[in-house]
Amino acid sequence: MKKYYLETFGCQMNVVDSEQIEDQLRQLGYRSVSEPAAADLILLNTCSIRARAERKVYGHLGRFKPLKERNPELILAVGGCVAQQEGARMLQKVPYLDMVFGTHNVHRLAEMVRQVESRRARPVAVEFLDPETRRRLFPRRVATDSITRFVTVIQGCDNFCSYCIVPYVRGREVSRPHGEILAEVVQLVEQGVREVTFIGQNVNSYGRKEAGEISFAELLRRVEDIAGLERVRFVTSHPKDLSDELIDCFGDLAKLCNHIHLPVQAGSDRILTAMRRGYGRDQYLERVARLRRACPDIRITSDIIVGFPGETAEDFAQTMDLLEQARFAEIYSFLYSARPETAAARLKDATPKADHQARFERLVARQEEISRDYREADLGRVVPVLVEGASRQGAGQLFGRTGWNRIVNFDGDPALIGRMVAVRLTAAQRNSHIGEVVPCSTACEHRLQPSAFSLQSGSL
Ligand code: SAH
Ligand code: SF4
Ligand code: F3S
């Protein structure tokens, strides 16, 4: 049997595309291996969000060169966002590369692999598809044995934030028909899935371009009625499109988890304007306040870019101040990276790199203190956790997540996998908590499905 080695970089979009890739490879008779040296086909599904991510792809390809020299039959393929960005140029830069497929051409992978296998062609497929075709080709994969799944609801991005390459490598926004989304969720639940995460670059603008399509908030309300599904999450939200209707869902819907990732990017109005984000600092903080009114225990996480061209010490001070005001549970922070084609790539920046680096470190250090405060304040709480599987921490341990997406490890019977349990948080580590399963009682704080919970407590 032929073997493939697949490595996936970047965001959830690529994770889902990689599943589509694996389905096709299996149909071609390939099975997966964990060592590139053992593979007949090596495939990288790439990310281009920052220059470093792009460089990494070439670094990896370089590592595979000796394998290709040893075995000329080996097929080397690149997909994803770097492939989309570079297209045929990649074949020139990497003479031993066999094929390049972009973000709208994942469905053609099998056909392309066959072309390479049969006549050693070097196919490139990076055309963007029209919206109707894309609506038909939304990734879907129903066979699964996991408890949680990503479900793509919208693809692409229309926002053109001045620093961002995503609209260029993923194309314009297209929403998936809601009937298909709901049908997929029902099928997933039948297979044992208990939590879905709706994904898209900007899920808040779901359905806006498609005449007659329902809103994202309405989609969440309809999912609430699917029996057997315990939880719903979504990523990513754009603050400018976060409607009151959607915020109210956090107060109203029992299955919607108490977490939102709401990237702010910067705390200074001047920089937000230069970034073309479409909101100001006060507007962002007003959205945060309204989220907390709708759901007092909501956890908000964010993304912040340090060192956007022209960012001054004062601009950065505004970002630091926003950290205090917003009190994010966690942030992902990035040093600005100039990306090809983007508007910001043409901007000059007078600030020395070392200053940006120092600011970046200050930001990370202050956020770490805030995150630690959250972690410690959570100790002793009893919260609902969806048990996802065996923990990597050791024999007999299980893991699950809190509503706010924090991993918790605890001792438990594997029969609990797929169930909601009440867990007391007993110790905090950097990336996870340790807890213990307790019988459901009034001590449990959360908006749990009453049915699931009484069932669970009965069996404990
Ligand atoms: N669609 C999502 C973000 C996708 S990219 C959104 O709009 O929120 C994930 C994160 O990468 C962004 O939120 C941003 O913080 C960061 N990012 C994007 N382009 C970047 C660049 N050129 N340099 C540094 N960070 C960048
Ligand atoms: Fe990039 Fe902005 Fe679109 Fe997010 S909303 S993917 S940051 S252009
Ligand atoms: Fe990266 Fe492409 Fe996602 S650039 S962040 S993999 S959309």
Side-chain angles (χ1 to χ4, degrees), residues 7-18 21 44-57 78-86 102-104 106 126 139 150 152-174 198-206 208 234-242 260-267 271-272 274-279 284 287 300-309 311 319 328 330-347 349 356-357 359-360 363:
E7 231 176 298
T8 306
F9 304 88
C11 68
Q12 294 88 349
M13 306 298 134
N14 270 8
V15 171
V16 168
D17 284 346
S18 279
I21 290 169
L44 300 180
N45 194 7
T46 61
C47 172
S48 182
I49 198 79
R50 284 168 288 275
R52 209 167 71 131
E54 187 183 338
R55 275 200 304 274
K56 210 152 76 179
V57 175
V78 176
C81 295
V82 176
Q84 186 63 48
Q85 179 194 316
E86 293 293 294
T103 56
H104 288 196
V106 175
V126 289
F150 291 145
T152 313
V153 299
I154 180 168
Q155 289 188 317
C157 183
D158 288 356
N159 287 317
F160 290 91
C161 300
S162 63
Y163 51 82
C164 184
I165 199 166
V166 169
Y168 303 93
V169 291
R170 290 270 163 185
R172 296 299 80 73
E173 278 175 11
V174 175
F198 286 151
I199 64 166
Q201 289 298 349
N202 181 10
V203 290
N204 303 168
S205 54
Y206 173 80
R208 293 231 179 123
F234 56 85
V235 279
T236 295
S237 295
H238 195 301
K240 81 173 162 53
D241 297 317
L242 183 64
I260 184 167
H261 186 62
L262 194 63
V264 64
Q265 313 298 0
I271 296 295
L272 286 170
M275 287 177 162
R276 300 193 189 149
R277 287 292 286 177
Y279 55 86
Y284 183 88
R287 293 287 84 187
I300 303 171
T301 55
S302 202
D303 293 347
I304 293 184
I305 297 175
V306 175
F308 186 83
E311 182 187 88
T319 297
F328 299 121
E330 302 275 348
I331 60 169
Y332 299 93
S333 28
F334 309 102
L335 271 169
Y336 169 77
S337 164
R339 306 306 294 127
E341 297 189 73
T342 61
R346 293 190 292 272
L347 301 176
D349 187 34
H356 288 316
Q357 181 66 36
R359 288 176 192 165
F360 179 80
L363 179 84

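When a ligand or atom number is given, it counts from 1 through the structure's own listing order.
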Asker: Say whether, by atom type as modelled, one donor and one acceptor occur between the side chain of Ser302 and the main chain of Leu262 under 3.5 angstrom.
Answerer: yes
Asker: Hey, does the side chain of Asn14 reach the backbone of Phe9 with a donor-acceptor pair shorter than 3.5 angstrom?
Answerer: yes
Asker: Please check: side-chain N/O of Arg287 versus main-chain N/O of Leu242, any donor-acceptor pairing under 3.5 Å?
Answerer: yes
Asker: At less than 3.5 Å, what protein N or O atoms come close to the N or O atoms of ligand 1? Include the distances to 0.1 Å.
Answerer:
{"residue": "ligand 1", "atom": "1 (N)", "partner": "Gln201", "partner atom": "O", "Å": "2.8"}
{"residue": "ligand 1", "atom": "1 (N)", "partner": "Gln201", "partner atom": "OE1", "Å": "2.9"}
{"residue": "ligand 1", "atom": "11 (O)", "partner": "Arg50", "partner atom": "NH1", "Å": "3.3"}
{"residue": "ligand 1", "atom": "13 (O)", "partner": "Gln265", "partner atom": "NE2", "Å": "2.8"}
{"residue": "ligand 1", "atom": "13 (O)", "partner": "Asp303", "partner atom": "OD2", "Å": "2.6"}
{"residue": "ligand 1", "atom": "15 (O)", "partner": "Gln265", "partner atom": "OE1", "Å": "2.7"}
{"residue": "ligand 1", "atom": "22 (N)", "partner": "Tyr163", "partner atom": "O", "Å": "3.0"}
{"residue": "ligand 1", "atom": "22 (N)", "partner": "Ser337", "partner atom": "O", "Å": "2.7"}
{"residue": "ligand 1", "atom": "23 (N)", "partner": "Ser337", "partner atom": "N", "Å": "3.0"}
{"residue": "ligand 1", "atom": "25 (N)", "partner": "Arg50", "partner atom": "NH1", "Å": "3.3"}

Asker: Ligand 2: which residues have a non-hydrogen atom closer than 4.0 Å?
Answerer: Cys157, Asn159, Phe160, Cys161, Tyr163, Cys164, Val166, Pro167, Gln201, His238, Arg277
Asker: Rounded to the nearest 0.5 Å, what separation is found between the OH atom of Tyr284 and the CD atom of Gln265?
Answerer: 9.0 Å
Asker: Between the main-chain N or O of Ile331 and the side-chain N or O of Thr301, is there a donor-acceptor pair closer than 3.5 Å?
Answerer: no
Asker: Output, in order, the C-alpha distance, side-chain angles, deciding distance and verdict of side-chain hydrogen bond (donor to acceptor under 3.5 Å, both in side chains) for Asn45 and Thr8.
Answerer: CA-CA 5 Å; Asn45 194 7; Thr8 306; 4.8 Å; no
Asker: Side chains of Cys11 and Gln201: does their closest heavy-atom pair fall under 4.5 Å?
Answerer: yes
Asker: Output a table of donor-acceptor pairs, distance under 3.5 Å, between side-chain atoms of residues 333-341 and any protein atom two or more places apart or on a different chain; print 'none' if there are none.
Answerer:
{"residue": "Ser337", "atom": "OG", "partner": "Ala51", "partner atom": "N", "Å": "2.8"}
{"residue": "Arg339", "atom": "NE", "partner": "Ser48", "partner atom": "O", "Å": "2.8"}
{"residue": "Arg339", "atom": "NE", "partner": "Ile49", "partner atom": "O", "Å": "3.4"}
{"residue": "Arg339", "atom": "NH2", "partner": "Ser48", "partner atom": "O", "Å": "2.9"}
{"residue": "Arg339", "atom": "NH2", "partner": "Ser48", "partner atom": "OG", "Å": "3.0"}
{"residue": "Arg339", "atom": "NH2", "partner": "Glu54", "partner atom": "OE1", "Å": "2.7"}

Asker: Can Asp241 and Arg208 be counted as an ion pair, charged N to O under 4.0 angstrom?
Answerer: yes
Asker: Nearest 0.5 angstrom please: Ile304 CD1 to Tyr332 OH, how far?
Answerer: 13.0 Å
Asker: Verify, without hydrogens or angle tests, whether Asp158 (side chain) and Glu173 (backbone) share a donor-acceptor contact under 3.5 angstrom.
Answerer: yes
Asker: What protein N/O/S atoms lie closer than 2.8 Å to atom 3 (Fe) of ligand 3?
Answerer: Cys11 SG
Asker: State whether the side chain of Thr46 and the backbone N or O of Val57 hold a donor-acceptor pair below 3.5 Å, judged by distance alone.
Answerer: no
Asker: Please check: side-chain N/O of His104 versus main-chain N/O of Arg170, any donor-acceptor pairing under 3.5 Å?
Answerer: yes
